[in-house]
Amino acid sequence: MSTETTPAYSPGLAGVIAGETAICSVDPNAGLMYRGYDIHEMAQKASFEEVAYLLLNGELPDGKQLVEFARQIAAEREVPAPVMKMLRLLPGDSHPMDVLRTAVSMLSMFDKELSDNSHAANIRKSIRLIARVSTLITDGWRILHGDEPLPKRPDLTHAGNFFYKLDGKVPQDWQIRMLDTIFILYADHEFNASTFAARVTASTLAGIYAAVTSACGTLKGPLHGGANEESMKMLEEIKTPDRAEAWLKKKLETKEKIMGFGHRVYKKGDSRVPAMREIGRDLGKRTGKEQLIPICEKLEEVMEREKHLYANVDLYAAPVFWMLGFPPALNTPLFAASRVAGWCAHVVEQHDNNRLIRPRSLYTGPPARPYHGVSSNGAASQKR
Ligand code: COA
């Protein structure tokens, strides 16, 4: 007699604890910590490099370690020439997330440590991935639009370099500070879909490149990272705050999903929203595009009243990226330029203490039945 008990079924794995992590904790009552540090203070004060180091290594770097880590990232930005050549073969209307996924996959073949899943090799590959994902996005975007990639600037930080490599302008300090904050807010979020995809892939002992490729594919979907691109389309459609309520009610009547709202874990609001909303208000004043944040605020008000649903970080990320001068098609890649640090940290953690991730399913197909296929009576062999 089997002693195996049937585990409880939870559609979409909602509420299921699927593994352990010491990297990040999400509190459903709107708290978020990286390795025990509240992200809100770090979002204001830290650099992306400092947070990436923390996620990967478990502790904050001292001054010397931070300088060295930032130097390593800057030194690893160059992408192998064949990968750059491949980028030139892609159709001009390719989505930048598809470009990124394809290019990350190709990068793996040029990493001499591809098959080494040791902790030390995984950390070295993480640094290369963090550096090169950014290059693939910026240079890939330029190539798609018929522009040549720009010369490297190892003196710029991860955030500063992203701006510069896109349009050749070195950003002002306040722009770098803002992008650092956004990158910190996006850097990790425990077992979100793309990170979970990365961990599932890594758990088969496939390497970190395979895991990050899976993660890129997963992030693109509009129910996950793709929501920040979709949110911008929605704001462009609404245009002005006074049109927001009527627009939203009409969508709710037809049971449409409203991008930038709802969350699997947060049911009382996303912990990252207040910081992102604040950046949006600041940018509204700086750029004169002051109607965008009030549209989001109106949507928040109506959505809470009508559906008891709250905004997630992607609602405000959309106008923030727009006001920072980024095209909406780069919203999800910008998310990836940060989340790659989280993905890598989770792969390192998975490989350091691995167990294959392989859940069960609840079978809903037909009951057992006799086979009457064409080859059961020899019909297939007679035809030959
Ligand atoms: N717009 C309209 N209705 C929504 C909604 C949204 N953005 N998010 C959830 N709902 C509805 C669901 O349809 C469901 O309604 P029902 O009970 O009548 O079927 C109800 O709210 C509860 O949904 P829930 O179980 O909490 O959602 P989930 O955990 O399965 O899904 C998301 C979470 C994030 C996928 C979902 O909220 C969503 O699709 N949001 C839009 C995409 C988005 O912004 N993604 C980024 C997430 S950070």
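For ligands, and for the atoms within them, numbers begin at 1 and follow the listed sequence. Positions are given from 1, in the same order as the sequence printed here. Quick caveat, the model's predicted, so the values are computed rather than measured.
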Can you tell me the protein heavy atom closest to [atom] and the distance?
{"atom": "atom 10 (N) of ligand 1", "value": "L309 CD1, 3.5 Å"}
{"atom": "atom 27 (O) of ligand 1", "value": "K267 NZ, 4.6 Å"}
{"atom": "atom 13 (O) of ligand 1", "value": "K257 CE, 3.8 Å"}
{"atom": "atom 15 (O) of ligand 1", "value": "K307 NZ, 4.7 Å"}

(request) Show which atoms of ligand 1 fall inside a sub-4.0 Å distance from at least one heavy-atom site of M259. (result) 42 (C), 44 (O)

(request) With heavy atoms of A227 as the reference, note each atom of ligand 1 found under 4.0 Å away. (result)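 Selected atoms, number and element: 43 (C), 44 (O), 45 (N), 46 (C).
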
(message) The test is side-chain contact (heavy atoms from CB on, under 4.5 Å); show your working for M42 and L54 and say whether it passes.
(response) CA-CA 11 Å; M42 284 195 294; L54 171 71; 3.9 Å; yes

(message) For E78, is the CD atom crowded, meaning more than 12 foreign heavy atoms sit under 6.0 Å from it?
(response) no

(request) Return yes when atom CZ of R355 has more than 12 non-hydrogen atoms of other residues, nucleotides or ligands closer than 6.0 Å, and no otherwise. (result)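 Incorrect, the count does not exceed 12.
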
(request) Nearest 0.5 Å please: distance from the CZ atom of R360 over to the CG atom of L362. (result) 10.0 Å

(message) Please classify the D314 to ligand 1 contact at 4.0 Å (heavy-atom distances, strictly less than): side chain, backbone, both or neither.
(response)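 Within the 4.0 Å criterion, D314 contacts ligand 1 through side-chain atoms alone.
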
(request) Using a strict 4.0 Å threshold on nitrogen-to-oxygen distance, state whether E253 and K250 make a salt bridge. (result) no

(message) Any donor-acceptor pair under 3.5 Å linking the side-chain atoms of D147 with those of H145?
(response)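 There is no such pair (donor and acceptor under 3.5 Å, judged by atom type) between the side chains of H145 and D147.
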
Does [X] come within less than 4.0 angstrom of ligand 1, counting non-hydrogen atoms of the residue?
{"X": "K255", "value": "no"}
{"X": "P222", "value": "yes"}
{"X": "E256", "value": "yes"}
{"X": "G260", "value": "yes"}

(message) Less than 6.0 angstrom from the centroid, inside 45 degrees of the normal: does R277 satisfy that with respect to the ring of Y316?
(response)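 Because its charged atom sits under 6.0 Å from the ring centre and within 45° of the axis, R277 does stack over Y316.
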
(message) Are any of the N/O atoms on M303, whether in the backbone or the side chain, positioned under 3.5 angstrom from an N/O atom of ligand 1?
(response) no

(message) If you define the side chain from C-beta out and look only at heavy atoms, does anything of D27 sit under 4.5 Å from S271?
(response)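 When only atoms from C-beta onward are counted, S271 and D27 do not touch, as no gap falls below 4.5 Å.
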
